[in-house]
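Whatever order the structure lists ligands and atoms in, that order sets their numbers, starting from 1.
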Amino acid sequence: MGNPHVLVVPYPVQGHVIPLMELAQCLAKYGIRITFVNSEYNHELLKNESALQAANIGDRIRLVSISDGLQSMEDGNQAGRASGSILRVMPGKVEELIERTNESDSDKISCIIADQSIGWALELAEKKGIRRAAFCPAAAALLVLGFSIPKLIEDGIIDENGTPTKRQKIELSASMPLMDSANFVWNCLGNMEAQKTIFGLMVRNNKSTKLTKWLLCNSAYDLEPSAFHMAPHILPIGPLLASNKLGGDSTGNFWAKDTTCLEWLDQQAPRSVIYVAFGSIASLEPSQFKELCVGLELASRPFLLVARSDRMLTDGTNGEFVEEFKDRVGNRGKIVSWAPQQEVLGRSAVGCFLSHCGWNSTIESVSNGVPLLCWPCFADQFINKSYICDVWKVGLGLDKDENDKVTREEIKNKIEQILETKEFAARALDLKEKVMNCVKEGGSSHQNFLNFVDWIKMA
Ligand SMILES: O=c1ccn([C@@H]2O[C@H](COP(=O)(O)OP(=O)(O)O[C@H]3O[C@H](CO)[C@@H](O)[C@H](O)[C@H]3O)[C@@H](O)[C@H]2O)c(=O)[nH]1
């Protein structure tokens with residue numbers, strides 16, 4: 001019997017592929033062979049990524065592609081539509097891949113690690129008699145919220161479709177983040193169709209997750225003690241970061257990282273720079289984007305802004321505006337279309353991170369002791385914001401005005417407040433130490449990971 005062979009199946013968007021790729025590399029270090037399944041579109045973006053090639057551990061990680069039924073990256077970013085299409089097309093393709101791979105006796109798949117948000121992959125593993133594990137790239141609190149759906153219905157907080165019966169704030173248990181029923185992950189997606197699809201999938205995924213005893217999560221006991229207390233079967237193995245591996249760059253990026261910003265950062269004073277990025281999906285509408293830029297300008301401090309041309313600069317007028325803006329701020333500001341984010345957050349020049357609060361961005365910031373300014377846009381980002389501001393107290397929220405806009409004054413004021421109030425940086429450094437201890441040898445996340453490796457090798 002050769003080394004175990006694990007099939008890793010992420011939900012095909014950037015914020016899920018990066019942490020699953022980190023997990024794949026951690027497993028490969030322990031001699032486990034990996035077949036990593038990408039959608040055709042993502043595969044094209046990833047196959048030339050130099051960091052990934054460099055980090056390939058011998059021949060242990062093999063990237064393969066299958067169709068996900070989506071026509072474009074943009075389709076993939078429409079939560080409801082994407083999930084529906086993925087559900088129709090991907091299971092059949094993954095099944096074919098398993099059958100093809102298992103034709104060879106020496107290559108048989110011994111385990112499937114499926115993204116928790118695609119529970120069908122666990123159902124497929126069960127049908128094929130293959131051992132299986134689920135991995136959640138988001139907070140354990142999101143899983144706990146999902147598990148609480150029957151109780152939320154029973155208590156009359158939501159109806160059978162997930163629609164809140166009234167607007168209210170709920171706390172699933174003490175020290176869990178407060179959740180606004182208007183911002184439940186399934187009902188801040190923009191339309192009813194998306195809500196129904198995502199809500200239905202969460203209910204189904206709750207059931208599929210029971211098909212394995214391994215429910216891993218990219219989090220740590222020290223980050224979410226109450227959530228893990230409520231659902232002790234969730235096992236944190238995070239934060240999974242490039243810096244936790246043998247070293248090297250973060251991998252799994254769909255776009256080329258502009259590393260010129262690292263040289264620029266190294267010329268700035270310690271804790272002076274505001275790093276601004278909204279992950280891979282969120283976008284600001286043109287007038288809000290301009291207001292953000294003017295707010296950064298008013299703050300009179302160095303800033304590094306990630307503005308992808310397909311998300312932030314969609315309106316033609318933004319392009320022109322950005323050129324004028326760049327002229328005005330000169331070397332005080334740096335704009336890139338995709339940053340090496342994990343490396344950026346590790347630089348001493350970064351004083352705070354203005355973020356949409358995707359879970360990866362949240363834990364990357366926390367792991368580097370960087371305080372956050374929170375601008376959540378959709379899905380779990382509101383829960384993450386609540387952790388940052390109310391539970392860990394390592395950040396501040398950016399409030400919207402009566403026109404639903406974050407104004408330039410609000411941006412300038414909150415930047416000043418977070419950089420000038422020393423307690424935010426002190427608490428962020430304290431949290432960093434606790435969290436990084438979890439992934440060190442002997443730490444709780446590390447131990448969970450080793451137990452998981454042992455289980456895979458028992459096959
Ligand atoms: O210039 C950039 C911008 C982002 N990143 C990386 O891209 C990832 C972005 O992930 P995340 O912060 O989680 O944001 P999204 O891409 O929006 O992630 C989706 O997936 C997450 C995990 O489930 C959810 O928490 C989010 O709400 C959801 O939008 C992170 O690893 C970043 O380091 C870069 O490397 N360079």
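Using a 4.5 Å heavy-atom cutoff, the side chains of E123 and R204 are in contact. Put simply, the side chain of D115 reaches to within 4.5 Å of the side chain of L20, judged on heavy atoms. The side-chain heavy atoms of N448 and Y221, taken from C-beta on, include a pair separated by under 4.5 Å. Looking at S361 and H356, their side chains come closer than 4.5 Å, going by heavy atoms from C-beta outward.
Minimum interatomic distance between S67 and V89 (heavy atoms only, all atoms of both residues): O-CG1, 3.6 Å.
Within ligand 1, the atoms closer than 4.0 Å to a non-hydrogen atom of G358 are 11 (P), 12 (O), 13 (O), 14 (O), 25 (O), 26 (C), numbered from 1 in the order shown. Residue-ligand proximity, D380 to ligand 1, at heavy-atom distances under 4.0 Å covers atoms 24 (C), 25 (O), 26 (C), 27 (O). With ligand atoms numbered from 1 in the order given, ligand 1 contributes 1 (O), 2 (C), 34 (C), 35 (O), 36 (N) to contacts under 4.0 Å with heavy atoms of A339. Every atom of ligand 1 with a heavy atom of F378 under 4.0 Å away is listed here by number and element: 29 (O). Distances below 4.0 Å separate heavy atoms of I18 from the following atoms of ligand 1: 6 (C), 7 (O), 8 (C), 31 (O).
Identified under the side-chain hydrogen bond (donor to acceptor under 3.5 Å, both in side chains) test for residues 135-152, with sequence neighbours left out: K151-D155.
Counting heavy atoms closer than 4.0 Å to ligand 1, residue N253 contributes side-chain atoms (C-beta onward) but none from N, CA, C or O. Residue-level proximity to ligand 1 for F278 is absent, since no heavy atom of it falls below 4.0 angstrom. The backbone and the side chain of N360 each have at least one atom closer than 4.0 Å to an atom of ligand 1 (non-hydrogen atoms only). At a heavy-atom cutoff of 4.0 Å, ligand 1 is contacted by the side chain of H16 but not by its backbone.
Of the protein's heavy atoms, E364 OE2, 2.6 Å lies nearest to atom 31 (O) of ligand 1. In terms of protein heavy-atom proximity, atom 12 (O) of ligand 1 is nearest to S361 OG, 2.5 Å. Nearest to atom 17 (O) of ligand 1 among the protein's heavy atoms is H356 NE2, 3.0 Å. In this structure, the protein non-hydrogen atom closest to atom 16 (O) of ligand 1 is S280 OG, 2.4 Å. The nearest heavy-atom contact from the protein to atom 34 (C) of ligand 1 is W338 CZ2, 3.2 Å. Looking only at protein heavy atoms, the nearest one to atom 18 (O) of ligand 1 is G15 CA, 3.6 Å. In terms of protein heavy-atom proximity, atom 29 (O) of ligand 1 is closest to Q381 NE2, 3.3 Å. Of all protein heavy atoms, the one lying nearest to atom 9 (C) of ligand 1 is G279 CA, 4.2 Å.
Between K405 and E291 there is no salt bridge, since no side-chain N of the basic residue sits under 4.0 Å from a carboxylate O of the acidic one.
Between F303 and F325, a ring centre-to-centre spacing shorter than 6.0 Å is recorded. Not less than 6.0 angstrom separates the ring centroid of F452 from the ring centroid of Y30.
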Exercise. Step by step, would you call L240 with C26 a side chain to side chain contact (heavy atoms under 4.5 Å, CB included)?
Worked result: CA-CA 9 Å; L240 293 167; C26 292; 4.2 Å; yes
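With hydrogens and angles disregarded, a donor-acceptor distance shorter than 3.5 Å links the side chain of W359 to the backbone of N218.
By the 3.5 Å distance cut-off applied to N or O atoms, Q342 is not counted among the residues near ligand 1.
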